[in-house]
Colleague: 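I'd like to ask you about the structure that follows.
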There are 2 protein chains.
Amino acid sequence: MQLAKHIQKFTGLDDNVVAAICNKFTQITARKKEILLEEGQRCCHYYYVEKGCLRLYFTDDKGVEQTIQFALESWWMTDLNAFNKNSNSSYSIQSLETSTIMGIENKTLQSLMEKHPALEKYFRRIYERAYSAALFRMKVLRLPKDISYNMFEKQYPEFVQRIPQKILASFLGFTPEYLSELRRKKAKHK
Amino acid sequence: MQLAKHIQKFTGLDDNVVAAICNKFTQITARKKEILLEEGQRCCHYYYVEKGCLRLYFTDDKGVEQTIQFALESWWMTDLNAFNKNSNSSYSIQSLETSTIMGIENKTLQSLMEKHPALEKYFRRIYERAYSAALFRMKVLRLPKDISYNMFEKQYPEFVQRIPQKILASFLGFTPEYLSELRRKKAKHK
DNA sequence: ATAAAATCTTAAGCTGGTTTAAGAAATGTA
DNA sequence: TACATTTCTTAAACCAGCTTAAGATTTTAT
C-alpha cells in the first residue's frame with residue numbers, strides 16, 4: 001500500500017502504528033470518468049491517490065468545466081473548505097482513469113490526528129507541498145498561454161498523453177480549440 | 001504581540017512556552033513600499049504580519065509586476081519553495097503599508113518545530129488555511145474579470161480603499177486601465 | 001464488427017481586455 | 001508651499017484568445 005509507505009516516510013512512525021492508521025481508511029476503486037464528489041453535495045471524504053488520477057473542477061455560468069487541479073499518485077484531494085466545515089462542495093471530483101484511492105471521513109481523520117500527533121507533521125508537510133504547488137500554479141497562470149502550455153508539456157510529457165486535451169485545456173485556462181491551434185503552431189515550427 | 005496569541009489559540013500551549021517560541025523571532029518594522037525580499041535573492045525569512053500588509057509578486061517578461069497574493073494581519077508569507085530549499089526566490093515581497101512583522105529563519109523554525117511538536121499542528125492549520133484560500137482564488141481567477149472584481153470589492157471593501165488600484169489590478173489579473181474602466185461602468189449603472 | 005458518442009481539428013468572424021498615449025489627480029518630499 | 005513623482009483616468013486602435021460550426025478521428029458500448 002502506497003499510503004502506508006508515504007506516512008512512514010514523512011513521520012518515521014512504527015510499521016504497526018502506520019498499519020493501524022491506514023486501517024481506518026476505505027479503499028476505493030474508481031472507474032474512468034467516475035464522479036467521486038458532485039458540486040453541491042456533502043463533501044464526506046478526503047482522497048489519497050494510490051494509483052491513477054483525479055481532477056477537481058467546477059462548472060462555470062456558461063456550463064464549461066473549469067479544472068482547478070489534478071491529483072496523481074501520492075497526492076491528496078478534496079474540497080478542503082467543504083470537508084472541514086462538513087458543508088456542500090463547490091467543486092466536483094472525477095477520476096480520469098481507473099484509480100485506486102484511499103478515502104477517509106473528517107471525524108475519523110480528526111480522531112486519528114488526536115491519537116497520533118505525528119500525523120500533524122505528516123499533514124503539515126502535505127499541505128506545505130500543496131500550498132507551494134498552488135503558488136507556483138498561480139504564477140504559471142499569469143504567463144502567456146502558449147508559454148504555460150509549453151511549460152506543462154515539458155514538465156509532464158507523459159501526463160499530456162494520458163489525459164484528454166479538453167481537460168488539459170480547462171486546467172491551463174483556455175479552450176480546447178485554442179489548445180489545438182497551439183499544438184499545430186508548435187508542430188509547424190519544428 | 002499578535003503572534004503569541006495566534007499560536008496559543010491554535011495549539012493551546014502554555015503562555016511561557018509560547019513566549020519562548022516567539023522569542024526566537026525578529027521583530028521588523030517595514031516602511032510603506034519597502035522591499036523585504038527581492039526576486040533572485042536568497043529567501044531567508046518567513047514573515048508573520050502583526051500589523052499592516054505584504055504582497056508577493058513577480059515581474060513578468062514585459063516588466064509588469066504580477067501580484068500573486070497579499071498577507072494581512074495574522075497571515076504568513078514567504079516564497080515557500082525558496083525558503084525550504086534555501087535557494088533564490090522567484091518572487092519579491094513588498095510591504096504596502098508601514099507594517100509590523102515577525103521574521104524567522106528556516107533553521108530556527110526547524111529547530112523550534114523539533115523542540116515543540118505542537119507547532120506542527122499550528123503550521124498544519126496555517127497551511128491548511130493557506131491552501132484552501134489558494135484553491136478558492138484559483139476558482140475566482142477563472143471567472144469573468146468584472147465578476148471577480150465585484151466579488152473582491154464586496155468581500156474586502158476597506159482593503160480596496162487601502163491599496164493602490166494598480167496593485168489590486170495586478171492581483172485580479174488585469175491592467176489598471178481596465179480596472180478604471182470597470183469602476184466607471186459600475187458607477188454609471190447605479 | 002458496428003453504431004453511437006465523445007473528442008479533436010480547422011477556419012472565419014468576433015470580443016474582452018490590452019496597448020499606447022496624454023492629461024488629471026493624488027502623493028511624497030524639500 | 002511648490003515641485004517631482006507616482007497613480008489614475010479616458011479614449012482609440014489593436015490583438016490574443018473565444019465562439020461558432022462542421023468535418024475528421026478516436027473511444028465506448030453492444
Side-chain angles (χ1 to χ4, degrees), chain A residues 30-35 52-53 55 57 59-67 94-99 140-153 159-190, chain B residues 30-35 53 55 57 59-67 94-98 140-153 159-190:
Chain A
R31 292 181 309 282
K32 197 171 179 172
K33 293 195 186 181
E34 184 173 338
I35 306 285
C53 173
R55 72 165 175 137
Y57 66 99
T59 303
D60 69 18
D61 10 329
K62 292 179 185 165
V64 179
E65 291 177 0
Q66 301 284 348
T67 301
Q94 182 187 38
S95 176
L96 294 179
E97 313 177 335
T98 304
S99 304
V140 170
L141 285 176
R142 296 302 184 85
L143 304 175
K145 312 267 174 176
D146 54 340
I147 292 178
S148 65
Y149 170 66
N150 286 338
M151 283 178 72
F152 191 86
E153 201 193 28
F159 187 58
V160 171
Q161 309 305 321
R162 245 163 92 180
I163 58 166
Q165 301 284 333
K166 57 178 282 193
I167 286 175
L168 175 56
S170 87
F171 177 76
L172 294 173
F174 44 77
T175 59
E177 292 82 1
Y178 187 62
L179 177 52
S180 229
E181 194 182 323
L182 285 181
R183 287 162 61 83
R184 178 165 33 111
K185 276 183 191 161
K186 207 183 170 186
K188 199 178 288 179
H189 284 287
K190 271 184 184 163
Chain B
R31 293 179 307 283
K32 196 171 178 172
K33 294 195 185 181
E34 185 173 336
I35 305 286
C53 174
R55 72 166 175 137
Y57 66 97
T59 303
D60 70 18
D61 9 330
K62 291 179 186 165
V64 179
E65 290 177 1
Q66 301 283 350
T67 302
Q94 183 187 38
S95 176
L96 294 179
E97 313 177 334
T98 304
V140 170
L141 285 175
R142 297 303 184 84
L143 304 175
K145 313 267 171 174
D146 53 340
I147 291 177
S148 66
Y149 170 67
N150 286 338
M151 283 178 71
F152 191 86
E153 201 192 28
F159 187 57
V160 171
Q161 308 307 320
R162 244 163 93 180
I163 59 166
Q165 301 284 333
K166 57 178 283 194
I167 287 175
L168 175 56
S170 87
F171 177 76
L172 295 173
F174 44 77
T175 60
E177 292 81 1
Y178 187 60
L179 177 52
S180 228
E181 195 182 323
L182 285 181
R183 287 163 62 83
R184 179 164 34 111
K185 275 184 192 162
K186 206 184 171 188
K188 201 178 289 180
H189 284 287
K190 274 186 187 165

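Throughout, protein chains are lettered first and strands after them, A, B, ... in sequence-line order, and every chain is numbered starting at 1. What you see is a predicted model; the values in this text were computed from it and never measured.
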Colleague: Give the first and the last nucleotide of DNA chain D, reading 5' to 3', that has any atom under 4.0 Å from a heavy atom of chain B.
Modeller: D:dT6 to D:dA11
Colleague: Among all residues two or more places apart in sequence or in another chain, which pass the side-chain hydrogen bond (donor to acceptor under 3.5 Å, both in side chains) test with B:Glu181?
Modeller: B:Lys185
Colleague: Is there a side-chain contact (heavy atoms from CB on, under 4.5 Å) between B:Asp60 and A:Arg142? Walk through the geometry before answering.
Modeller: CA-CA 8 Å; B:Asp60 70 18; A:Arg142 296 302 184 85; over 6 Å; no
Colleague: Listed by chain and number, what are the side-chain contact (heavy atoms from CB on, under 4.5 Å) partners of A:Asp146, not counting sequence neighbours?
Modeller: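 Expected list: A:Pro144, A:Leu182.
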Colleague: I need a per-nucleotide contact map over nucleotides 7-21 of chain C, read 5' to 3'. Cutoff is protein heavy atoms under 4.0 Å; write B for the base, S for backbone only, - otherwise.
Modeller: SSBBS-----SBBB-
Colleague: Mind checking the CD1-OH spacing from B:Ile167 to B:Tyr57? Nearest 0.5 Å is all I need.
Modeller: 8.5 Å
Colleague: Restricting to ring-ring contact (aromatic ring centres under 6.0 Å, His included), what partner residues turn up for B:Phe152, sequence neighbours left out?
Modeller: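 Testing B:Phe152 for ring-ring contact (aromatic ring centres under 6.0 Å, His included), a comparison that skips the adjacent residues, returns B:Tyr156, B:Phe171.
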Colleague: Can you list everything that forms a side-chain hydrogen bond (donor to acceptor under 3.5 Å, both in side chains) with A:Gln94? Sequence neighbours excluded, please.
Modeller: A:Arg55
Colleague: Is a side-chain donor or acceptor of A:Lys145 paired with a backbone partner of A:Gly173 at a separation under 3.5 angstrom?
Modeller: yes
Colleague: State which residues pass side-chain hydrogen bond (donor to acceptor under 3.5 Å, both in side chains) with B:Asn150; sequence neighbours excluded, sorted by chain then number.
Modeller: B:Lys186
Colleague: So for the helix from C:dA1-D:dT30 to C:dA30-D:dT1, with five pairs setting each end axis, what is the inter-axis angle to 10°?
Modeller: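 Comparing the first five pairs with the last five, the axes sit 70° apart.
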Colleague: Considering residues at least two apart in sequence or located in another chain, which fulfil the side-chain contact (heavy atoms from CB on, under 4.5 Å) criterion with A:Thr175?
Modeller: A:Glu177, A:Tyr178
Colleague: Output all residues satisfying side-chain hydrogen bond (donor to acceptor under 3.5 Å, both in side chains) with A:Ser170, sequence neighbours left out; order by chain, then residue number.
Modeller: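 Residues passing side-chain hydrogen bond (donor to acceptor under 3.5 Å, both in side chains) with A:Ser170: A:Thr67.
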